[in-house]
Amino acid sequence: MSIFKIGLTGGIGSGKSRVADMLAEWGASVVDTDEIARALTAAGGSAMPAIEQAFGAEALAEDGSLDRAWMRERAFADVSVRQRLEAVLHPLIGDETERQADAARGCYLVFVVPLLVESLPRWRPCVDRICVVDCDPATQIARVQSRSGLTEPAIRRIMAAQAARASRLAVADDVVANDGDTTPEQLRARTKTLHERWLALAAARP
Ligand code: ADP
């Protein structure tokens with residue numbers, strides 16, 4: 001029988017990684033597509049030769065990893081740059097995601113996909129449930145600022161390129177509310193409730 005699958009998404013800073021860490025702690029297998037993308041574009045990552053070929057040595061930092069600031073500037077300014085980058089990365093991310101999913105042996109499988117709603121036709125058939133970690137935009141900005149040191153305009157630009165809160169919620173089967181006034185204990189309790197629901201759904205499958 002194939003493993004029960006959850007697609008976990010949410011805007012930048014919503015709390016996806018934190019939720020995914022708890023699910024992993026309770027026995028779920030987690031495949032994080034952002035982490036896969038980071039590994040592919042780290043120094044020595046398997047996407048780097050193709051990136052150098054597509055964009056030139058300028059796209060590489062001194063250590064041979066992707067120069068993220070350089071790429072972010074260009075990808076936001078020019079759609080064709082973003083498309084070229086995606087043409088290199090998406091097939092590699094897809095292969096590695098599939099490899100990790102095939103190896104998953106947890107009580108269910110969680111795909112962490114920041115842009116799941118933006119690529120809904122690709123993801124909807126691959127998962128049994130879509131879970132959105134929901135959070136107000138002001139909290140997203142505050143969290144990302146304290147986590148990364150990105151400026152507020154840079155964060156707003158990233159948010160503007162992501163799906164709107166309402167369109168995420170519109171496709172959610174499950175929602176974890178994680179607004180600014182949510183304590184870590186509340187987040188844990190809400191996540192636990194969903195974990196138990198998913199365990200029951202996984203067990204009840206034919
Ligand atoms: P995402 O993966 O969606 O970008 P993260 O899980 O990394 O978001 O959360 C962003 C930051 O906010 C992290 O530093 C995280 O620990 C913190 N955070 C998220 N939710 C809460 C919460 N309810 N209470 C306190 N800090 C939180």
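Atoms within each ligand, like the ligands themselves, are counted from 1 in listed order.
Short contacts between ligand 1 and Thr182, defined as distances under 4.0 Å to a heavy atom of the residue, involve ligand atoms 22 (C), 23 (N), 24 (N). Interface atoms of ligand 1 facing Gly11, defined by a heavy-atom separation under 4.0 Å, are 3 (O).
Checked for salt-bridge contact, Lys5 and Asp173 miss the test: no charged N lies under 4.0 Å from a carboxylate O. A salt bridge between Asp34 and Lys16 is absent, with no side-chain N of the basic residue lying under 4.0 Å from a carboxylate O of the acidic one. A salt bridge is absent between Glu25 and Lys192; no separation between the charged side-chain nitrogens and carboxylate oxygens falls under 4.0 Å. Electrostatic pairing of Glu185 and Arg188 does not count as a salt bridge here, judged by no charged N lying under 4.0 Å from a carboxylate O. Taking 4.0 Å as the cut-off between side-chain N and carboxylate O, Asp179 and Arg165 count as a salt-bridged pair.
Note on ligand 1: Gly10 sits outside its first shell, no heavy atom being nearer than 4.0 Å.
The nearest protein atom to atom 7 (O) of ligand 1, hydrogens excluded, is given as Arg147 NH1, 2.8 Å; this is a heavy-atom distance. What sits closest to atom 12 (O) of ligand 1 on the protein, heavy atoms only, is Arg143 CD, 3.0 Å. In terms of protein heavy-atom proximity, atom 25 (C) of ligand 1 is closest to Arg18 NH1, 3.8 Å. At the shortest separation from atom 2 (O) of ligand 1 among protein heavy atoms lies Ser17 OG, 2.5 Å. Nearest to atom 9 (O) of ligand 1 among the protein's heavy atoms is Gly15 CA, 3.7 Å. Remark: minimum distance from atom 20 (N) of ligand 1 to any protein heavy atom is reached at Asn178 ND2, 3.0 Å.
Residue contacts with ligand 1, taken as heavy atom pairs separated by less than 4.0 Å, do not involve Val19 at all.
Looking at Gln140, its side chain never comes within 3.5 Å of a backbone N or O of Gly13 through a donor-acceptor pair. Judged purely by atom type and a 3.5 angstrom limit, Ser148 has no side-chain atom pairing as donor or acceptor with the backbone of Gln145.
Ligand 1 has no N or O atom lying under 3.5 Å from any N or O atom of Leu187, backbone or side chain.
By the 30° and 60° cut-offs, the orientation of the rings of Phe4 relative to Tyr108 is perpendicular.
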